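A quick write-up on the structure given underneath.
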Protein chains: 4
Amino acid sequence: MPKIGMEPVRRLALVNAAISEIGHRGSLDVTVTQIAKRAGVSSALAHHYFGSKENILTAAMWRILAMLAADLRDAQHGKKTPIERLHAIVDASFSDRNFRPDVIAAWLAFYVSAQTSNDAHRLLKVYHRRLRSNLLHELRPLLAADAERVAETIAALIDGFYIRQALRTEAPDGKAAVVATKAFIDDLMKRETIS
Amino acid sequence: MPKIGMEPVRRLALVNAAISEIGHRGSLDVTVTQIAKRAGVSSALAHHYFGSKENILTAAMWRILAMLAADLRDAQHGKKTPIERLHAIVDASFSDRNFRPDVIAAWLAFYVSAQTSNDAHRLLKVYHRRLRSNLLHELRPLLAADAERVAETIAALIDGFYIRQALRTEAPDGKAAVVATKAFIDDLMKRETIS
Amino acid sequence: MPKIGMEPVRRLALVNAAISEIGHRGSLDVTVTQIAKRAGVSSALAHHYFGSKENILTAAMWRILAMLAADLRDAQHGKKTPIERLHAIVDASFSDRNFRPDVIAAWLAFYVSAQTSNDAHRLLKVYHRRLRSNLLHELRPLLAADAERVAETIAALIDGFYIRQALRTEAPDGKAAVVATKAFIDDLMKRETIS
Amino acid sequence: MPKIGMEPVRRLALVNAAISEIGHRGSLDVTVTQIAKRAGVSSALAHHYFGSKENILTAAMWRILAMLAADLRDAQHGKKTPIERLHAIVDASFSDRNFRPDVIAAWLAFYVSAQTSNDAHRLLKVYHRRLRSNLLHELRPLLAADAERVAETIAALIDGFYIRQALRTEAPDGKAAVVATKAFIDDLMKRETIS
DNA sequence: AATGAATGAGGATTCATTCAT
DNA sequence: GATGAATGAATCCTCATTCAT
């Protein structure tokens, strides 16, 4: 029973517990007590470290986005051509680590809370901007004028597969999403090449 | 003060009030009292007619889907070619009547509640199936083997534009969504024609 | 079991219960549950009618001051000379109805809460102004220049007897307070007459 | 970092912090954590030295009363006549050191807690007795039979000015309180001399 | 048909207090 | 001597739901 330096340990445990609990319940309607219990601590401790329930949830969202961002970076690393890097974005978005039922459920729940919470709204905006800028960076050399619209389309496709996933009772099918999204990209390129 | 035939009037008023209130608050965290007040009745009456809060919300979702279904039917009416009918689906999905901030917010909220509520889950499944079957009906003659995947992709695109809309602070941009989705469809056709 | 028009009944019961409970506990550290129980209702109902704990306590203070104001009016009624009216103010201030342990305890507690709560501060200010204006009205004809200072002194004397009462374990001794305060007033007048 | 003799240092720091904090917040609703933070130590240490929150508060009250007692002693020192010594009591009571907003607020708060806490009650009783005995010592030679009542009146006047001070938003006006109280005493003496 | 009255069951949050180090 | 870690107990407040009228 270490008695010092517990703060980072507890914070991480609570954030992970929050993500799990949100995924488990399928909504942001989780209680601090549920999260705390899952993390193996009292709800009072959760408040001690985070100050409020909203802070816990924001930290959870932050963590999900950070995981995705890290994966995106890793996936693009070493890729040479724009097409390869676009594919890498798709792969990372639907990787087993991110395209999990509980993460998807949390993701969706955060979209809802962005209607109300400034923190949630800001974090999701950051994700949007980052994804958009990543996509544009690869698309511009290939498409010129259409790059913006196509970036929006790819982003919508990714989010669309996420939200539709939320309705499946079976395990998420990342493979299918990857295939479909890449097909969209590849078709696009073929057309550009041809014309 | 007629004493008869109030039931349908009240039910409709409550359902509309529920949709408005959900849109207004941006989440399913609305109270029965808020809905009832908006409908101009007491919360007790809301329970009298619907039995429970969940039933009110389910009825609200049902109504949104019904509106969309009707629009789809209307939009496709009179259209001759498969392409025209596909375009009509897109037009209806992003029409001013359906692609409104409050409807989008409600839509999103229902996706979340589908994780928990059987009713919500079932209703959204119906919408999915219907959209999918509509799309397939037009795509099969054109694409043969790829029809299934493309149908999924178009559906994801539509849902993706909806969910991304939820983050905008400005008014929804249905036009842009229509343009992007139709561009996707048209590109697809061009490719098929070419090859 | 009357089922309509309960609101005023409940509100009054809750306010009285609040005063009793504050007196009983000797401080504003009473819970809504305690007050509600004493009033024979649930704490939820207390919130339903008052919205918040602070509102209940403010209403309680308001009532105490209203009772005192009414007594003051009654006591002065029919009194002819300024001296008689001054005596009446003193009599009312220390009457059995107002100079009760629970009212005194509540009074004191409100003075403390006036440091924090705007409502409490405002209400006590009103009481101060009213007492002062009452006193000045009688003192001006008698004392001219000194009236202001003497009014302050009499007011302080009244509040002083109240606060000191809070320390007694025996029943409040309104008589002694009346005697002492009137003696102060009478001495003053004698001096004025003599000089 | 001396390891010995910290106890008195810490105790004093905590008591002073308690007085400041009570004055700052305007009520006894201060947390041990707030007091400890102001004293620059952990709340656990506060408990280590005082055992409980109530003990801290009692010690704080004890200190306020001790300060006042010391001032009273000093003020009376060297004064020859009873009147001079009475004036000295008044001066000390409303001196800048004692008649400060935070001390007044703490004072008032202690009166409230005397309703509940035996310790607080006992301490305030001691103050009452001491003031009374001081006053009586000077008044007896001058007033004989009325001395008791007049002592009570002066004491009430002092407490009354204190409590009324609690409502002011401006700085305390010790001068005015001194003038009024001395005027009361002097009038009394004049009357005695005359009759 | 309609509602005011009423409540039980939570849920977020606070805080004095304890304990191991 | 000193503190970070941890919690149980309370407290305010909300809300879906029921019921008598």
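Just so we're clear, the structure is a prediction, and the values are computed from it rather than from any experiment. Numbers restart at 1 for each chain; the letters A, B, ... are given by sequence-line order, proteins then strands.
The NZ atom of Lys37(C) sits 13 Å away from the P atom of dC12(F) (whole-angstrom rounding). One can place CZ of Phe50(C) at 15 Å from P of dC12(F), the figure rounded to the nearest angstrom. One can place CD1 of Ile35(B) at 8 Å from P of dA16(F), the figure rounded to the nearest angstrom. Residue Tyr49(C) contributes atom OH, which lies 18 Å from atom P of dC15(F) at whole-angstrom precision. Rounded to a whole Å, the CD1 atom of Ile56(A) is 14 Å from the P atom of dG11(E). Rounded to an integer number of Å, the gap from Asn55(C) CG to dC13(F) C1' is 13 Å.
The stretch residues 12-19 of chain C has no heavy atom under 4.0 angstrom from DNA chain F at all.
For dA5(F), neither phosphate oxygen OP1 nor OP2 lies less than 4.0 angstrom from any side-chain nitrogen or oxygen of Arg10(A).
Nearest heavy-atom pair, Ala114(C) versus Leu167(D), reported as atom, atom and distance to 0.1 Å: CB-CD2, 3.6 Å.
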Table of protein N/O atoms under 3.5 Å from nucleotides 15-18 of chain E N/O atoms:
from, atom 1, to, atom 2, distance (Å)
dA16(E), OP1, Lys53(D), NZ, 2.9
dA16(E), OP2, Val32(D), N, 3.0
dT17(E), OP2, His47(D), NE2, 2.9
dT17(E), OP2, Lys53(D), N, 2.9

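Secondary-structure stems of DNA chain F, taken as three or more successive Watson-Crick or G-U wobble pairs (i with j, i+1 with j-1) under a 3.5 Å distance threshold, comprise E:2-21 with F:2-21.
Counting heavy atoms from C-beta outward, Leu108(C) and Gln115(D) have side chains that approach closer than 4.5 Å.
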